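Data first, discussion second: the structure below is written as structure tokens.
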Amino acid sequence: MSFLATPSYPQQNVPGGEPTQRHGFNPYADNGGSIIGIAGDDFLIMAGDTRHTAGYNINSRTERKVYRLGEESSLVLATVGFGADAKWLADTMKRAVDVCFPRLSMMKDFKFQHNLKDMTVSAAAQFLFTILYGNRFFPKYAYCILGGLDKNGKARLFSYDPVGSYSKEGERRAAAGAASSLIVPFLDNQVEFKNQYVPGTQGMTERPVEYLPLEKVEMLVKDAFTSATERHIEVGDGLQMVIVSAQHGVREEIIELKRD
Amino acid sequence: MNHLPEAWGRPRDDIYGAYDHQYVSASNPNQHTTSPVVTGTSVVALKYNGGVVIAADNLASYGSLARFTNVERLKQVGSHTVVGASGDVSDMQFLFDEQLEQLIISEEYQNDGHHLRAKHIYSYLSRVMYHRRSKFNPLWNVLLVAGWDDGKPFLASTDLLGTTFSGPALASGFGAHLAIPLLRRVCPDEAAVANITREQAISVIEECMKVLFYRDARSMNKYSMSIISGEGDKVEIEHRKDIQLKQQSWKFAESIRGYGAQVV
């Protein structure tokens with residue numbers, strides 16, 4: 001949450017002109033919370049806590065940050081940052097991906113325009129970039145993680161900054177939000193095996209990266225959030241997990257986190 | 001392109017002549033609401049097992065001046081919903097008397113047997129709030145929407161930024177600090193709503209209004225309360241107006257410096 005926290009310069013007044021006045025209105029807020037996405041080979045888990053904050057206040061203990069984009073779709077979007085922008089992004093993505101009004105042909109939704117085909121993950125990823133960058137000069141202040149299964153049933157995961165930067169190759173894990181600085185190094189170590197070496201090689205051979213099984217990933221997500229809850233005041237209350245699997249479809253789970 | 005940022009996107013001087021700075025004048029920008037003027041303080045609301053109780057006092061302050069003492073900050077919208085507003089009173093009146101009134105007229109005019117329920121009103125209001133903040137011309141309010149929706153109590157909040165959230169117990173303004181702890185004591189989560197009776201909910205809200213009057217300098221001892229109760233598709237809304245705070249005890253004030261009991 002730093003790109004608006006740039007140093008403020010004193011107001012420059014035009015010589016001879018009226019003194020300039022600042023808008024006293026800040027259109028952004030930070031509603032706290034954190035999100036995670038981890039991709040396995042043929043499954044992915046998207047998770048977020050359910051606390052919604054304003055400063056030291058807890059607005060709600062049950063606000064979800066992870067959205068399924070359509071009931072049939074494997075696409076899942078998690079957004080965090082400024083709650084109103086985050087919700088707007090989720091709504092916009094849902095409207096684009098999901099077929100909303102099959103009988104109203106003037107509704108130019110994706111399925112109608114594409115012979116009732118579902119949007120692919122990579123297309124949704126590029127679309128989300130377009131939306132975010134389209135708001136480049138009044139950014140939607142929310143960090144996004146988008147995930148889904150491609151047509152071969154392989155998991156894809158993309159993460160974005162508020163103006164849309166993302167990697168087309170996708171990534172194996174992503175974290176964003178208030179406690180991302182606590183969670184990212186944990187995932188570096190546990191998912192990408194950073195700073196892990198093959199035993200007996202005197203720290204010369206790095207442990208090779210491999211896909212993790214679903215049970216292991218689920219444990220990592222829970223560990224990440226229980227730990228973040230301990231150390232970050234804006235994270236807690238509940239953990240919403242959406243598990244997308246090529247074999248078992250989509251499952252959603254909410255478990256409790258500490259409410260203090 | 002000119003490398004000076006202030007020249008970006010402007011017509012070239014060598015073709016169109018010098019730029020007329022009156023077009024986009026940074027020296028006197030449009031004035032929108034940049035701070036509220038006449039304000040209402042907290043709104044508090046709590047779900048119970050057959051509906052929602054919502055309350056707000058009748059004061060409109062002008063800064064620290066208690067300017068108007070007979071202002072209604074709760075509005076019934078349609079047959080299922082009550083909206084409570086804190087923040088700028090003129091923005092509240094615009095929403096209540098212009099927007100929501102017109103919304104209900106145009107919806108009821110269809111006469112098709114459909115009525116806007118709480119979540120529809122809420123969706124409308126939150127979109128209006130977000131739209132106005134995106135135009136840099138916000139409606140300076142926090143709105144609580146209470147109602148009966150689909151056989152269940154409904155309670156949600158939206159504010160000048162269009163931020164939205166819901167919960168079994170909500171309070172705006174000073175109430176977010178003082179009333180929320182009291183409300184969450186009886187209603188920590190959604191599951192607890194089933195064990196709260198109408199009478200209990202009313203008495204907890206009354207207690208909150210009293211505590212707010214003790215400590216919030218922009219509050220008063222007269223308030224309105226609406227009780228939305230439902231059963232299945234049936235909704236009944238009871239409005240209680242001009243409620244006087246009961247059973248005040250100022251004993252605690254004696255021991256607090258600054259409350260007037262001490263001479264030095």
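Quick note on labels: first sequence line is chain A, next is B, and so on, each numbered from 1. Worth saying up front: this structure is predicted, and the values here are computed from it rather than measured.
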Check ion pair B:Lys152-B:Glu190 (N to O, under 4.0 angstrom) | no
Inter-residue atom distance B:Asn137.CG - B:Arg132.CZ, 0.5 Å rounding | 4.5 Å
Between atom CD1 of A:Ile58 and atom CZ of B:Arg184, what is the distance when rounded to the nearest 0.5 Å?
-> 6.0 Å
Between B:Thr163, B:Asp159, B:Thr158, B:Leu161, which residue shows the highest count of heavy-atom pairs closer than 4.5 Å to chain A?
-> B:Leu161
Who among B:Gly162, B:Ser166, B:Gly167 has the most heavy-atom pairs with chain A under 4.5 Å?
-> B:Ser166
Heavy-atom contact with chain A under 4.5 Å, split by part of [X]:
X	answer
B:Asp189	both
B:Phe165	both
B:Ile180	neither
B:Pro188	both

Cation-pi check, B:Arg133 onto A:Tyr28 ring (under 6.0 Å, within 45° of axis) = yes
Which region of A:Asp237, side chain (C-beta onward) or backbone (N, CA, C, O), has a non-hydrogen atom less than 4.5 Å from a non-hydrogen atom of chain B, or is it both or neither?
-> neither
The interface call for A:Asn57 against chain B, heavy-atom contacts under 4.5 Å, is side chain
Residue pair B:Ser90 / B:Val37, side-chain heavy-atom distance below 4.5 Å | no
For chain B, find which of A:Ala86, A:Ala54, A:Ala84 contributes the most heavy-atom pairs closer than 4.5 angstrom.
-> A:Ala84
Hey, can you tell me if A:Tyr166 and A:Phe158 have their rings parallel, tilted or perpendicular (30° and 60° cut-offs)?
-> perpendicular
At their closest point, which heavy atom of B:Gly51 faces which heavy atom of B:Pro153, and how far apart are they?
-> O-CB, 3.4 Å
